[in-house]
Amino acid sequence: MDGRNQSVVSEFVLLGLCHSWNIQLLLFLVFCMLYLIIVSGNIGIVILILTDSHLHFPMYFFLANLSFVDMWLSSVTTPKMITDFLRENKTIHFGGCMSQIFFSHFIAAYEMVLLVIMAYDRYVAICKPLHYSTIMSLQKCIALVVTSWIIGFVHAMSQVVVIVQLPFCGPRDIDSFFCDAPLVIKLACMDSYNLEILMNAQCGVVAITCFILLLISYTYILLTVHQSSKTGASKALSTCTAHVTVVVLFFGPCIFIYVWPLSTTWMDKFLAVFYSVITPLLNPTIYTLRNKEMKNRFRSYYRDSNVYIQCSEASM
Ligand SMILES: *[C@@H]1O[C@H](CO)[C@@H](O)[C@H](O)[C@H]1NC(C)=O
């Protein structure tokens, strides 16, 4: 152990979103409300899907996973941001900072892989409908979900392991409302420019790989839909629009923050808020709005299966 690697900084200072006390009070109320909606909405979706046996299909299981993890994505940064609005000194401990980096990368990478899996699920359902139940068996679904946890974990670990070892010796100000990896790396007492590029590149590789896989899936879906009848096409498309909306709004900010070289602090902050508050709000809103249609479909499915049970009982 040489002294050079010793960190002397035990906490960082978050500069937050803005300096005006009144605006912060307003933001406090707004984000409190949004956060309550995020948590209750996403928990509602998870409970609805897990308890309603008519929703026990891979598509809804993945949706439940997405909602579950969206809630945590928001919880990594939002509660801290909300309480910080009311505090003069917005400090965060070194450990807290590292866990924010770890969990935000863990969950974001997990969510990206999950979105790819959901696209693959739609691809199988639309392009290979006859083989759907064999391809998307329960074991396969669980294996896919576990794979995305592992990818998320490995990605987050590889970021945090590097950042934890950086020498932090003086500067402590982070111009954001949470510990964002690039901003923390900038504080290290060393020439961190190359490292920053390397770490951003790693995030970029994960995001862009997922994005390309998503593009391929949705292109296949569009081509298949295009070739088939018009009614079937619009039906299949409406299932996918929700997915595509989530994908665009999730990857847009992310690719902008980590891959776009010329982004400004102001823009980064705005996108970070977008990322941790608006994206987790999307699932509840998009899928609750669409839920009426789904519910009707499942009500008729329910009726049909009752009729089927009665018929088979009658024939016994
Ligand atoms: C996540 O997906 C798996 C596999 O489809 C499923 O068994 C599990 O119940 C889901 N978890 C949640 C919290 O929805």
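Computed over heavy atoms, backbone and side chain alike; hydrogens, waters and symmetry mates excluded. Both counts, for ligands and for their atoms, begin at 1 and track the order of listing.
- Of all heavy-atom pairs spanning Ala108 and Leu73, the tightest one is N-CD1, 4.3 Å.
- Residues meeting the salt bridge (Lys or Arg N to Asp or Glu O under 4.0 Å) test with Lys186, sequence neighbours left out: Glu196.
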Show me the short polar-atom pairs for ligand 1: any N or O of it lying under 3.5 Å from a protein N or O, with distances only.
{"unit_1": "ligand 1", "atom_1": "2 (O)", "unit_2": "Asn65", "atom_2": "ND2", "d": "2.2"}
{"unit_1": "ligand 1", "atom_1": "11 (N)", "unit_2": "Asn65", "atom_2": "OD1", "d": "3.4"}
{"unit_1": "ligand 1", "atom_1": "11 (N)", "unit_2": "Asn65", "atom_2": "ND2", "d": "3.3"}

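- Listed by first then second residue, pairs satisfying side-chain hydrogen bond (donor to acceptor under 3.5 Å, both in side chains) with a partner in residues 128-137 read Asp121-Tyr132, not counting sequence neighbours.
- For Phe61, the CZ atom sits in a packed shell: over 12 heavy atoms of surrounding residues, nucleotides or ligands are nearer than 6.0 Å.
- Annotation: disulfide bond (SG atoms under 2.5 Å apart) contacts of Cys210 (sequence neighbours excluded): none.
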Pair His105, Val206 - check side-chain contact (heavy atoms from CB on, under 4.5 Å), show working.
CA-CA 11 Å; His105 282 268; Val206 174; over 6 Å; no

